[in-house]
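First the structure, in the form of structure tokens, and then the observations on it.
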Protein chains: 4
Amino acid sequence: MARLPMAEEKPLRADARRNRAKILEAAEAVFAGQGLSASTEDVAKEAGVGVGTVFRHFPTKEALIQAVFLGRVRRLAEKAASLSESDAGAAFFAFFTYAVEQAATQSAYAEVLAEAAAVKGGDGEPSPVGAELAAALEALLARAQRGGAVRLDIGVAELIALLIGASRAAEHVEPEVRSRMLDIVFDGLRSPG
Amino acid sequence: MARLPMAEEKPLRADARRNRAKILEAAEAVFAGQGLSASTEDVAKEAGVGVGTVFRHFPTKEALIQAVFLGRVRRLAEKAASLSESDAGAAFFAFFTYAVEQAATQSAYAEVLAEAAAVKGGDGEPSPVGAELAAALEALLARAQRGGAVRLDIGVAELIALLIGASRAAEHVEPEVRSRMLDIVFDGLRSPG
Amino acid sequence: MARLPMAEEKPLRADARRNRAKILEAAEAVFAGQGLSASTEDVAKEAGVGVGTVFRHFPTKEALIQAVFLGRVRRLAEKAASLSESDAGAAFFAFFTYAVEQAATQSAYAEVLAEAAAVKGGDGEPSPVGAELAAALEALLARAQRGGAVRLDIGVAELIALLIGASRAAEHVEPEVRSRMLDIVFDGLRSPG
Amino acid sequence: MARLPMAEEKPLRADARRNRAKILEAAEAVFAGQGLSASTEDVAKEAGVGVGTVFRHFPTKEALIQAVFLGRVRRLAEKAASLSESDAGAAFFAFFTYAVEQAATQSAYAEVLAEAAAVKGGDGEPSPVGAELAAALEALLARAQRGGAVRLDIGVAELIALLIGASRAAEHVEPEVRSRMLDIVFDGLRSPG
DNA sequence: GATGAATGAGCCTTCATTCAT
DNA sequence: AATGAATGAAGGCTCATTCAT
């Protein structure tokens, strides 16, 4: 899966790149803690830089949020890809579980999947961000289906919907409940349909 | 049509009660349309009253939001109760579908279930609001399980988790996908476990 | 000259009207003193109200500036109208002098005429604000021309241009110089052409 | 082409001098296009240098603006001097027209004259910048007066005032109006007084 | 010297909440 | 009780200026 260079990513100065990373990390933490309505000032403070610096790297709060999401998508996509080698069915369910657990930890994490949904589901603008993940998911799903681990009458769109839902739910629910909830969904995914 | 004063409602003057209703209705519409970040001023305008009136009835924006949620919970609980007479399994799945469809239509609707989750799941404060719904769901679920339509190894907590998830997902996904997603979840709920 | 109601001017509550006036007055003073880049906060402070109040009355800084200008235009137009009774030539030159003296006192005052210029000159959007003044000037000029006090080969556009110029110049120049400058312009306006 | 170091210029390295020139040119263009509120960053970009470089050459935005004005004054003064050879009256009016046309083209150009006004008019600090222009104007005016083309009862101060005014007005008015406006002013300047 | 990243004060604007009418 | 004007604390964003590279 080739990584498309989204724009001409200029090589930043060492310190700038370090700051960019600090900001992204801070934003991830702050948004996870306080939700997306946390102030940019707070993100800057957490990152140990001035607001101006945040805005230099991300011209808009929206852009910052997108960048945070992009990072999450990338990590999810990498996870999905990294599982390609293992047993098809195991890989599929392991990924699903992993994704949902991420969401359980970090509030607002699930929104990333909504992003991906826009690609195959069609409600918003296509967003190249989600395309990457959607593609990875498609491969994962197809392999699992070919391996007989997942019913054949569903596509990525449904998979994404279930991921979104389970992830969102995971934000509100205790670990054991989450686990039993996943069992049910997984049974649904396995059943011949 | 007589109105039964439910629970802890103080008797209000007729016009005050009418205003309260108008505000709630307006808030529901405005929040559904613009999300919870819509301004109180907008709600007031939609209701045809001054902001002051909104704040007289609901001392805080938060309180207004809670009241809107309470209304939704009540309606869901009523729906659940109203289905008690029909076939146990059919009632259960009909309710699930109904709840998810509500969420699909009205943005931010799903949050109501998170509220209910706090009761049986335990992460927030207990909230008497959700208890009502939780009770109704418990009855619905138990009947469906006794009727053999739903597997026995799950409880209200899992049911609520699934409802939250499916509702959230429904906000981001097209109707056909939503429907296929529900099929999967329902299969999972039916499977012997 | 009938005053066209520009929009449905709602009757404001007494206190609101008082505040609106205070704000306008403050804005006039502050802008005159610091130029148009003075902060809205400063205007509010000068008016003795909170910023929010300024923005309630004028939804935008731009709107506030326009309102200040409108006030000035109105006063100039009234002055022009009030001179209709006196000797045509005297009225004309008295008005010209008056307008220029206003500008000399209050920095940025001259911009109001640029506004009026847009009407007959054509570079910006027509602006109903300036139309009023332009009409008044047209009358004043025509009378002076009929009375033989002003050369016949000029129109309002040229008059406005000269008013703008003289007003601007007056901002930078001592009273005696200003006065001699006006003498020259007036001679130019009288000369048979 | 040898460059005569004018007045108090430190000898700069060749590249530094080139940069200084580029910045000045860029500033002139940018300020003309967007007004004086254009950002220093924009000037730097237009000049093809970093902001730091701009600030090395001009310690303050204000200083940069002054330098731009100085350049304009110099050019106007040169123009005035270059016309000394031709017919006195023609030279005078040609210069006046030239100056006003510059202002019409380049927004905020007229401010330069306000600068010059400070010298003979006296409202601001004396500024050696304008003195140069004032001297050149004085010569031009005196010659024209000796030649009988301009009335005798005016001095440089009045001339500058008229130049400022006409230049400012020119910013807001169409070319034909501008031209007729100048006719009037010129008639005023010729009339015996 | 040149560069451009970092800084943070300051600006405009919004909005929950209070209070005089 | 209702109204809507007033308030002021944020929030997002810009930009002159400084400073490490």
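Each chain gets a letter, A, B and so on, in the order its sequence line appears, and its residues count up from 1. Quantities reported herein were computed from a predicted structural model and do not represent experimental measurements.
- Proximity of C:Thr40 to the phosphate of E:dC12: a side-chain N or O atom is located under 4.0 Å from OP1 or OP2.
- A donor-acceptor pair under 3.5 Å links the side-chain atoms of A:Ser39 to the main chain of A:Asp42, judged by distance alone.
- Pair assignment for E:dT13: F:dA10, on the basis of Watson-Crick or G-U wobble contacts that are both within less than 3.5 Å.
- Rounded to an integer number of Å, the gap from CG of A:Asp42 to C1' of F:dC13 is 16 Å.
- Between A:Ser39 and B:Gly50, it is B:Gly50 whose nearest contact on DNA chain F lies nearer the 5' terminus.
- When the C1' atom of E:dA6 is taken as reference, atom NZ of A:Lys22 falls 10 Å away, rounded to whole Å.
- Going from atom OG1 of C:Thr40 over to atom CG of C:Leu64 covers 6.5 Å, rounded to the nearest 0.5 Å.
- Distance A:Lys45 NZ to E:dA6 P: 18 Å, rounded to the nearest Å.
- Straight-line distance from the CG atom of D:Leu36 to the C1' atom of F:dT14: 17 Å, rounded to whole Å.
- Under the Watson-Crick or G-U wobble criterion, with both distances below 3.5 Å, F:dA1 is left unpaired in every strand shown.
- Within 4.0 Å of C:Val49, counting heavy atoms only, lie sugar-phosphate atoms of the nucleic acid but no base atom.
- To the nearest angstrom, P of E:dA16 lies 15 Å from CD of B:Gln66.
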**Q.** Audit row: B:Glu171, A:Arg168, salt bridge (Lys or Arg N to Asp or Glu O under 4.0 Å) steps and yes/no
**A.** CA-CA 11 Å; B:Glu171 290 171 9; A:Arg168 292 287 212 170; 5.0 Å; no
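- Taking 4.0 angstrom as the limit, D:Arg56 places none of its side-chain polar atoms (N or O) nearer than this to OP1 or OP2 of E:dG1.
- One can place CG of B:Asp15 at 14 Å from C1' of F:dT3, the figure rounded to the nearest angstrom.
- Nearer the 5' end of DNA chain E, as judged by each residue's closest nucleotide, is the contact made by A:Gly48, out of A:Gly48 and B:Phe55.
- Comparing E:dG8, F:dG8, E:dC12 against the side chain of A:Val51 picks out E:dG8 as the nearest.
- For the pair D:Lys61 NZ and E:dG10 C1', the interatomic distance rounds to 14 Å; values are reported in whole Å.
- Applying the 4.0 Å criterion to OP1 and OP2 of F:dA6, one finds that C:His57 has a side-chain N or O inside that range.
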Q: Report the C-alpha separation of C:Arg74 and C:Leu70 in whole Å, then their side-chain angles, then the decisive distance to 0.1 Å, and conclude whether the side-chain contact (heavy atoms from CB on, under 4.5 Å) test is met.
A: CA-CA 6 Å; C:Arg74 288 255 159 93; C:Leu70 175 62; 4.0 Å; yes
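- Residue-to-nucleotide proximity on DNA chain E shows that, of A:Glu41 and C:Gly52, the 5′-proximal contact is made by A:Glu41.
- Closest-nucleotide positions on DNA chain F for A:Glu62 and B:Asn19 were compared, and the one nearer the 5' end corresponds to B:Asn19.
- We find that CZ of D:Arg17 is positioned 12 Å from P of E:dG1, with the value rounded to whole Å.
- Heavy-atom minimum distance, B:Phe58 versus B:Leu24: CZ-CG, 3.9 Å.
- As judged by a 4.0 angstrom heavy-atom cut-off over every strand, B:Thr53 is placed among the base-contacting residues.
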